[in-house]
Amino acid sequence: MKYSNFFISTQKDVSKDVKLISHLFMLKSGMIRQETSGIYSWLPIGFRVLKKVIKIIEEIHDRHNINQILMPTIQSADIWKISNRYESYGKEMLKITDRNEKELLYGPTNEEMITAIGKHYLKSYKDLPLNLYHIQSKFRDEIRPRFGVMRAREFLMKDAYSFDLTEEDCLTTYINYFKMYLFIFKKLGIPIIPVKAPSGEIGGSLSHEFHMIVDSGESEICFSDELLKKNLLDISDSELINIRSYTSDFDKIEVGKDKLIKKKSIELGHIFLFGQKYSKPFDLHVDSKNGKVFPYMGSYGIGVSRIPAAVIEKFHDEKGIVWPKEISPFQIIIINLLTKDKVCCNYTDYLYEHLKNNRLDILLDDRDESAGKKFADADLSGIPLKLIIGKNFLNENLIGVSFRNLNKEELIHKSEIESYLNKFIKNITHDYKI
RNA sequence: CGGGGAGUAGCGCAGCCUGGUAGCGCAUCUGUUUUGGGAACAGAGGGUCGCAGGUUCAAAUCCUGUCUCCCCGACCA
C-alpha cells in the first residue's frame, strides 16, 4: 500500500478524557473511530490488525478440525425462552421487535442457537463429537462502556462450541481447548495466565478465564508466582485444570494463604464446560447403544476485538505502538524522505514492488511531508521495520534500517539490502504446529 | 443505576462568572522556500455556539426542559 492511496488520518490531539494508553494510541494512529457510546468503526490500519488476529485464530482452529460457521447477530427470543435466559440475562441483552411485533434480540452469546443447530443435525452418537466456531459481532449493553474497544458494547468475539457423547469426552475436549488457547495467545505474542473462574450466566461446572497482566486492567486475578515459571504447555492435563489461580471474585480464594499474589489484568478468553445444561431443555439427544443420550457441551470464547488493545497495553513506548510483527498492520514501512528526487522515487518504487512480491505487507510513505512527520507517524503506528531512503542513499547508496523495538538505526548498502531483509522475512513466517 | 462533568470550525480547547459584531492551536486550501525526527513565511476558506422553549432592546453567556457524550463506583469477552 502506498501512503498516497491509504485512507488514514493520524491525530496529534485527542480528548483529555482518553486515559487508557491503548485507547489513546488507537485513536491517534487512526485505527478506530467511535460512532456512539461503546460502538466503534475499525478504520483501515486498525482493521488490518484485527484481520491478522482473526487469521491466526482461524488457522489454529482449522488445524484442530473445528468447523467454522457464521451465525446471525440477530436471534429469536424463542430459543432464549427455552433456556430460561430471556429474562435472567438482564438488561445487558438488547431486545428488539420487528414490524410484526416478533421479539428479537442482538445476540450477546450463542449457546441457545448452537444447541438449536445441534438439535436439528445430530441424530446418532456417530455424529459426535462435533466442534463448531464462528467469529462474529456480539452486543452486550454494558452499564458503562469505556476504554475504547477494551470494553465496548458491540465487539467481535470468537466463540466455539463442542458436543460430546460422554462427560469424560467433554472434559477431554475442554482440556484440548484449554491448551489450544495457551497456544493461540503465545502465537499472538501475549503472555497469558489461565485462572479458574465462576461460570456466571453461561452456567456449568467448570470454567477458566485467560488473563493478561497489566496495571491498567479492569479485572483482578490471584495466582501463585510458581505459575509464572512454568511452561504451561508442558504440564499434565490434571495439573492444568487444577491450576492454582483464580479470578478475584472466585468463591474459594483465600488471598495471602499459599502465597497467592494479586494482579490487575485484562480478560481475553473464557472457556466453559456446561455439560447437559442446554441439551436437556432443548431436548437435543442422539441415539446410542445405551439409548437416548443428551450430549455434553462446552463453549469457548476469545474477545477478538479486545486483543489489539491488549497488545498495545503491553507493547508501546512514549512514541506510540510497538507491534509484534505477527499482527502489525504492515511489516515494513519504506520512508522516502526525498519525494521530489527521481532517483529516490525510482528506488523506493522498486523496493516496494520487490518486497510486495515476497508477500510482505509494505507501506510506502510517498507523501510530500516533512521528515519529522513521517518518522512520527511511522513510530506511532508501530510498524516493526523502517527502511529509510534519503540523503544517504543519494550520496552513498545507503539505506537506513531501523527496528521499532530497538531504537537504533543501521546503514545498509543497496547491494546488501536484500540479503539483509531475507533474515527478517524468514523470521516472520509462521509455524502453527502444536 | 447512583454521584460528578462536558457539548462552541474536521480535531483539541478558550470565551460563559460580570449578556453587547465568535476566538486560539492543529488540520485544510493557495503560493514560495523547505525535507534524516511532528518545517518557515505570506495569504484564504470554514460556525444556525447540541436541540427546544423562556427572560431581555440584545443570549454561546442568564432560566427551564430535553438529547448526547465523558468521568468515578457494583456486572461482563
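Chain naming here is simple, since letters A, B, ... match the order of the sequence lines and numbering starts at 1 in each.
Nearer to the 5' terminus of RNA chain B, by closest-nucleotide assignment, is the contact made by D13(A) (compared with the other of F393(A) and D13(A)). Of the two residues near RNA chain B, F375(A) and K16(A), the one whose nearest nucleotide lies more 5' is K16(A).
Each of C1(B), G12(B), G36(B) was ranked by its minimum atom distance to the side chain of A371(A); first place goes to G36(B). For K12(A), the side-chain atoms get nearest to G38(B) when compared with the rest of G38(B), A77(B), C1(B). Among the nucleotides G38(B), C72(B), G12(B), the one closest to the side chain of T10(A) is G38(B).
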Please write out the pairs of protein N or O atoms and N or O atoms of nucleotides 28-34 of chain B separated by less than 3.5 Å, giving the distance to one decimal.
residue	atom	partner	partner atom	Å
U34(B)	O4	K340(A)	NZ	2.9

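As judged by a 4.0 angstrom heavy-atom cut-off over every strand, V304(A) is placed among residues making no nucleic acid contact. Within 4.0 Å (heavy atoms only), N392(A) reaches at least one base atom of the nucleic acid. Counting any heavy atom pair closer than 4.0 Å across all strands shown, G269(A) reaches sugar-phosphate atoms only and no base atom. The residue A309(A) sits apart from the nucleic acid: no heavy atom pair falls under 4.0 Å. Among the heavy atoms of the strands lying under 4.0 Å from E142(A) is at least one base atom, whether or not backbone atoms are also near. Residue-level contact check: L268(A) touches the backbone only, with heavy atoms under 4.0 Å from sugar-phosphate atoms and none from bases. At the heavy-atom level, G390(A) lies under 4.0 Å from base atoms of the strands shown. Contacts of L338(A) with the nucleic acid, taken as non-hydrogen atoms under 4.0 Å apart, involve only primed sugar atoms and P, OP1 or OP2.
Between the K319(A) side chain and the G382(A) main chain, no donor and acceptor come within less than 3.5 Å of each other. Of the possible polar contacts, one joining the Q331(A) side chain to the D361(A) backbone as a donor-acceptor pair under 3.5 Å is found.
C76(B) atom C1' lies 15 Å from atom CG of D159(A), rounded to whole Å.
A side-chain N or O of E111(A) and one of S299(A) form a donor-acceptor pair less than 3.5 Å apart. Using modelled atom types and a 3.5 Å distance limit, the side chains of H208(A) and Y174(A) yield a donor-acceptor pair.
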Derivation and outcome, side chain to side chain donor-acceptor pair (under 3.5 Å), residues H61(A) and K158(A): CA-CA 10 Å; H61(A) 276 70; K158(A) 186 287 302 182; 2.9 Å; yes
Candidate pair E326(A) and K187(A), rule salt bridge (Lys or Arg N to Asp or Glu O under 4.0 Å), full reasoning: CA-CA 8 Å; E326(A) 287 78 9; K187(A) 268 295 159 199; over 6 Å; no
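Considering every non-hydrogen atom in both A77(A) and Y86(A), the closest pair reads CB-CE1, 3.3 Å. Taking all atoms of both residues into account, the shortest heavy-atom contact from P384(A) to S328(A) is CD-OG, 3.1 Å. Here the shortest heavy-atom pairing between A116(A) and I79(A) reads CB-CG2, 4.4 Å. The shortest non-hydrogen separation linking E220(A) to K262(A) is OE1-CE, 3.4 Å.
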Per-nucleotide protein contact string for nucleotides 5-10 of chain B, where B marks a base within reach and S marks sugar-phosphate only (heavy atoms under 4.0 Å, - for neither): ------
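Taking only side-chain nitrogens and oxygens, R144(A) never comes nearer than 4.0 Å to OP1 or OP2 of G3(B).
A distance below 6.0 Å separates the ring centres of F330(A) and F6(A).
Of the candidates F185(A), Y300(A), F210(A), F178(A) forms a ring pair (Phe, Tyr, Trp, His ring centres under 6.0 Å) with just one, namely F210(A).
Within residues 18-54 of chain A, the residues having any heavy atom under 4.0 Å from RNA chain B are, by residue number, Q34(A), T36(A), S37(A).
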